[in-house]
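To keep things clear, I will list the structure first and then write my remarks on it.
Every chain is numbered from 1 and lettered A, B, ... according to where its sequence line falls, protein lines coming before strand lines.
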Amino acid sequence: MAEQRIATRADDYAQWYQDICHHAELAEAAGVVRGCMVIRPHGFAIWEKMQADLDRRFKATGHKNACFPLLIPMSFINKEAEHVEGFAPELAIVTRAGGKELEEPYAIRPTSETIIGHFFAKWIDSWRDLPLLINQWANVMRWELRTRLFLRTGEFLWQEGHTAHANPEESKEEVVRMLQVYRDFCHEIMAMPVIRGIKTESERFAGAVETRCIEALMQDGKALQAGTSHDLGQNFGKAFDVTFQNQDGERDFVWQTSWGVSTRLVGALVMSHSDDDGLVVPPRLAPIHVAIVPIFRKDEERVAVVEAAHRVAAELRDDGLTVEVDDRDDMRPGAKYFEWERKGVPVRLEIGPRDLQENAVMAKMRVAELDERGRAVKLKLPMEGIGIAVGELLDTFQKELFDRAQARLDESTVLIDSWDDFESTFADGKSRFVYAHWDGTAETEAAIKAETKATIRCIPYAEDAPEGVGEPGTCIKSGKPSAQRVLFARNY
RNA sequence: CGGGGCGUGGCUCAGCUUGGUAGAGCGCUGCGUUCGGGUCGCAGAGGUCGGAGGUUCGAAUCCUCUCGCCCCGACCA
């Protein structure tokens with residue numbers, strides 16, 4: 001294991017991000033496959049926890065999992081005009097198989113609207129077949145020109161929900177509902193506050209009539225789109241002839257939705273909570289909740305201390321926690337501390353001879369206050385009731401991480417009314433969450449992007465944005481009337 | 001895809017300008033010593049320098065091509 005330093009966020013944010021991925025053993029560039037990554041066990045464990053919770057939420061909202069082919073006939077992709085245009089440049093295409101040229105090439109799925117549309121057409125006949133609520137956990141491939149671990153990789157893991165409905169009201173409800181599911185997941189599980197909103201036309205998903213999204217603030221002030229929920233209207237229904245007979249006996253095309261989150265969320269997690277000491281993971285996603293480090297000097301101490309450590313571990317495991325007893329004897333405690341902190345374990349317990357005497361253990365939270373001498377504060381917990389105490393620490397920590405992220409979001413959020421202020425906010429690669437007026441035109445949006453690199457992340461939900469954002473005004477760039485402020489930021 | 005940087009033991013890098021077939025630190029193995037915030041000592045294993053081609057008596061060092069990684073940009077749910 002390398003023992004190099006982690007770059008600081010202040011010195012080199014991009015390097016820091018890479019260092020976290022490396023030191024916490026989340027992932028590494030595959031190298032042998034361009035733009036693709038290997039998700040290592042510790043990173044994958046976080047993704048599995050995300051999956052488990054999201055899957056539960058999808059099922060609770062009536063969705064069923066299914067799995068469609070990885071390869072999609074090119075003709076399918078070509079059926080929806082905007083969809084082709086949006087995805088054609090980043091397709092990887094299979095032209096040979098079984099030792100000969102294929103009659104029709106297959107695209108490796110960049111997303112599955114088309115092939116799922118094909119099967120929806122087979123499965124749906126009557127209004128009684130609707131709504132059809134399907135989710136797929138899968139890998140997809142998009143040949144991106146510039147990749148970054150988790151944030152944008154050639155291949156990534158995700159879930160894609162695909163639903164079909166009998167009328168536009170129901171599909172709209174679905175779009176809103178699933179965005180809410182994502183929002184709740186981000187808040188409750190990832191401890192990451194997000195802003196819900198609607199994408200402008202130019203940021204919309206290729207083939208959708210409306211795209212909703214959740215946008216999260218990263219520690220460098222940039223925005224990360226953490227999830228999307230698309231109202232596809234009848235676009236794919238028409239392209240794939242997905243029709244049904246309604247209650248009046250008339251044939252109509254279904255109204256569809258699609259929605260997804262990906263392994264990008266792991267990147268969002270890193271950039272929401274981690275610090276210059278390494279990864280920080282909220283307890284609800286932590287692959288390891290507690291690391292116990294036994295402290296000893298002599299052999300007889302060692303026996304007693306390690307035995308106590310395992311006893312505590314057993315009690316915590318009974319409470320459903322994942323616990324590591326770090327009884328490696330070729331490593332000093334300090335080195336172990338650094339290792340577990342790099343990997344983002346929320347709580348570390350230290351048990352030494354002194355603690356045994358006092359029938360207590362020392363606890364150190366992954367993010368801790370410093371005392372007057374600049375050392376991390378440790379808590380003394382009685383051995384009696386240790387399970388309850390640690391459970392409370394984890395609950396508190398989960399909440400503190402959210403509060404910390406929310407405070408960071410609040411601090412980084414500004415309302416701006418002058419173009420000069422707007423430009424300087426985004427000067428020199430800087431970014432914040434800026435609410436400003438916009439005249440609603442794609443031209444102005446493009447002009448602002450060209451001059452400042454800031455894009456409209458979304459037209460926010462009123463309840464997620466600061467007060468006054470919903471009021472009319474004049475466009476910061478053109479001076480024309482604006483219905484409300486929109487969220488600007490640089491983005492990943 | 002444009003501009004820039006880089007690719008040398010597991011990791012991070014030095015060596016390259018001024019060609020002479022490889023070095024350091026960390027990690028790893030063994031023994032001992034240590035162990036409440038990155039122990040110390042001794043002994044040892046491990047690379048042919050991303051790949052291909054060329055120049056040369058001789059290439060990690062020079063040239064060409066190529067693959068990959070990182071940064072900026074363009075592009076992109």
Side-chain angles (χ1 to χ4, degrees), chain A residues 1-7 12-15 17-19 21-23 25 28-37 83 85-91 110-111 113 140 142-149 151-154 156 158 160 199 202-208 211-215 224-230 232 258-262 264 277 293-299 301-302 305 326-342 348-356 361-362 364 368 370 373-376 378 380 428-429 449-450 453 455 457-458 491-492:
Chain A
M1 199 178 305
E3 292 299 328
Q4 302 298 312
R5 292 263 167 211
I6 295 171
D12 188 341
Y13 190 84
Q15 185 65 48
Y17 176 75
Q18 291 213 132
D19 287 350
C21 289
H22 176 243
H23 283 267
E25 297 175 8
E28 62 189 50
V32 290
V33 185
R34 192 208 134 117
C36 294
M37 66 175 165
H83 197 69
E85 201 186 325
F87 283 105
E90 43 191 81
L91 291 180
T111 179
E113 276 78 5
V140 289
R142 299 179 186 179
W143 212 254
E144 301 284 356
L145 295 178
R146 185 173 168 201
T147 58
R148 322 183 75 172
L149 291 177
L151 304 176
R152 175 165 287 111
T153 47
F156 56 94
W158 77 346
E160 43 181 329
K199 286 292 188 192
S202 49
E203 298 276 338
R204 192 182 287 159
F205 175 70
T211 288
R212 291 182 184 235
C213 62
I214 47 174
E215 297 284 331
L224 183 80
Q225 182 172 302
T228 48
S229 186
H230 310 294
L232 303 176
S258 69
W259 29 272
V261 296
S262 71
R264 174 181 254 202
D277 295 327
V293 180
I295 312 287
F296 49 84
R297 209 176 285 265
K298 310 176 198 117
D299 265 356
E301 286 177 348
R302 180 200 162 112
V305 158
D326 192 350
D327 56 4
R328 290 175 287 183
D329 60 4
D330 55 344
M331 227 173 151
R332 291 187 69 168
K336 295 178 181 176
Y337 300 168
F338 277 88
E339 182 172 322
W340 295 116
E341 288 186 1
R342 274 203 317 266
R348 182 181 73 237
L349 298 181
E350 302 165 16
I351 305 180
R354 292 206 299 263
D355 306 301
L356 284 190
V361 304
M362 297 302 289
K364 156 73 172 55
L370 299 181
R373 294 160 70 183
R375 296 184 307 191
K378 295 178 186 179
K380 184 187 284 187
D428 307 319
K449 180 178 180 181
K453 304 281 192 306
T455 54
R457 299 324 304 151
C458 67
N491 72 300
Y492 278 100

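A search for side chain to side chain contact (heavy atoms under 4.5 Å, CB included) contacts involving Ala88(A) returns Val84(A), not counting sequence neighbours. With sequence neighbours excluded, the residues that form a side-chain hydrogen bond (donor to acceptor under 3.5 Å, both in side chains) with Ser258(A) are Glu113(A).
Of the two residues near RNA chain B, Pro110(A) and Pro294(A), the one whose nearest nucleotide lies more 5' is Pro294(A). Mapped onto RNA chain B by nearest heavy atom, Ala206(A) and Ile351(A) fall at different nucleotides, with Ile351(A) at the one closer to the 5' end.
Contact annotation for Lys453(A): backbone-only contact, meaning every heavy-atom pair under 4.0 Å involves sugar-phosphate atoms and none involves a base. Pro89(A) comes within 4.0 angstrom of nothing in the nucleic acid, heavy atoms only. Residue Gly31(A) is in sugar-phosphate contact alone, with no base atom involved, counting any heavy-atom pair closer than 4.0 Å across all strands shown. The residue Arg375(A) sits apart from the nucleic acid: no heavy atom pair falls under 4.0 Å. Across all strands shown, Gly35(A) has heavy atoms under 4.0 Å from sugar-phosphate atoms exclusively, and none from any base. Using a 4.0 Å heavy-atom criterion, one finds that Glu90(A) contacts the sugar-phosphate atoms exclusively. Arg34(A) comes within 4.0 angstrom of the backbone, heavy atoms only, and of no base. Base engagement by Asp355(A) is indicated by at least one non-hydrogen atom pair under 4.0 Å involving a base atom. Residue-level contact check: Lys378(A) touches the bases, meaning some heavy atom is under 4.0 Å from a base atom.
Checking U55(B) for Watson-Crick or G-U wobble geometry (two distances, each under 3.5 Å) identifies no partner in any strand. Nucleotide G41(B): paired with C31(B) (Watson-Crick or G-U wobble, both distances less than 3.5 Å). If you check G68(B) for Watson-Crick or wobble pairing at under 3.5 angstrom, you find it paired to C6(B). Summarising the base pairing, G73(B) is matched to C1(B) through a Watson-Crick or G-U wobble pair whose two defining distances lie under 3.5 Å. As the counterpart of U61(B), no nucleotide is assigned, since no Watson-Crick or G-U wobble pattern has both distances under 3.5 Å. Checking C16(B) for Watson-Crick or G-U wobble geometry (two distances, each under 3.5 Å) identifies no partner in any strand.
You won't find any donor-acceptor pair under 3.5 Å spanning the side chain of Lys336(A) and the base of G36(B), going by distance alone. A donor-acceptor contact under 3.5 Å is not formed by the side chain of Arg264(A) with the base of A77(B). A donor-acceptor contact under 3.5 Å links the side chain of Arg152(A) to the base of C76(B). For Glu341(A) and G37(B), a side-chain-to-base donor-acceptor distance below 3.5 Å is present, hydrogens and geometry of angles not being considered.
The side chain of Gln15(A) contributes no N or O atom lying less than 4.0 Å from OP1 or OP2 of C71(B). Applying the 4.0 Å criterion to OP1 and OP2 of C71(B), one finds that Arg148(A) has a side-chain N or O inside that range. Under 4.0 angstrom from either OP1 or OP2 of U34(B) there lies no side-chain N or O belonging to Arg332(A). Note on Arg212(A): every side-chain N or O is 4.0 Å or more away from OP1 and OP2 of A77(B).
With rounding to whole Å, Arg457(A) atom CZ is found 11 Å from A77(B) atom P. Rounded to whole Å, atom P of C26(B) lies 17 Å from atom NE2 of His22(A). Rounded to whole Å, atom P of C75(B) lies 11 Å from atom CD of Glu203(A). Asp19(A) places its CG atom 15 Å from the P atom of C11(B), with the value rounded to the nearest Å. Summarising the geometry, the separation between CD on Glu28(A) and C1' on G10(B) is reported as 11 Å, rounded to the nearest angstrom. Note: CZ (Phe296(A)) to P (C35(B)) measures 10 Å, nearest angstrom. If you measure from atom CD of Glu25(A) to atom P of C11(B), you get 13 Å, rounded to the nearest angstrom. Put simply, CZ on Arg302(A) is 14 Å from P on U34(B), counting in whole angstrom units.
With a 6.0 Å cutoff to the six-membered ring centre and a 45° limit on the axis angle, Arg348(A) counts as a cation-pi contact of Tyr337(A).
When the nucleotides C70(B), G37(B), A77(B) are ranked by their closest atom to the side chain of Arg348(A), G37(B) comes out on top. Listed nucleotides: C70(B), G36(B), A77(B). Nearest to the side chain of Thr228(A): A77(B). Taking only side-chain atoms of Ile295(A), from C-beta outward, the nucleotide of G37(B), G36(B), G73(B) with the closest atom is G36(B). The listed nucleotides are G37(B), G38(B), C70(B); the one nearest the side chain of Arg342(A) is G38(B). Nearest to the side-chain atoms of Arg297(A) among the listed nucleotides C35(B), G37(B), A77(B) stands C35(B).
Rounded to whole Å, the P atom of C16(B) lies 41 Å from the corresponding atom of C75(B). For G46(B) and G23(B), the P atoms lie 14 Å apart once the distance is rounded to whole Å. Spacing between A43(B) and G10(B) at atom P, rounded to whole Å, works out to 24 Å. For the C1' atoms, the distance linking C1(B) with G44(B) amounts to 50 Å, nearest Å. Comparing the same atom, C1', in U61(B) and in G19(B) gives a spacing of 6 Å after rounding to whole Å. For the P atom pair drawn from G68(B) and G51(B), the interatomic distance equals 15 Å after rounding to whole Å. A distance of about 12 Å separates the P atoms of G27(B) and G41(B), rounded to the whole Å. Spacing between G9(B) and C28(B) at atom C1', rounded to whole Å, works out to 11 Å.
In this structure, the aromatic ring of Phe338(A) is positioned over the six-membered ring of the base of G38(B), centres within 5.5 Å and planes within 30°.
Between Arg328(A) and Glu339(A), at least one side-chain N (NZ, or NE/NH1/NH2) sits under 4.0 Å from a carboxylate O, which counts as a salt bridge. Ion pairing between Glu25(A) and Arg342(A) fails under the 4.0 Å rule for side-chain N and carboxylate O. Salt bridge status for Glu215(A) with Lys199(A): present, with a side-chain N to carboxylate O gap under 4.0 Å.
Expressed to the nearest 0.5 Å, how far CD of Gln225(A) lies from OG1 of Thr455(A) amounts to 9.5 Å.
Relative ring orientation between Phe156(A) and Trp158(A) is described as perpendicular, the plane-to-plane angle rising above 60° on a 0-90° scale split at 30° and 60°.
Of the possible donor and acceptor atoms, one in the side chain of Lys336(A) sits under 3.5 Å from a partner among the backbone N and O of Asp326(A).
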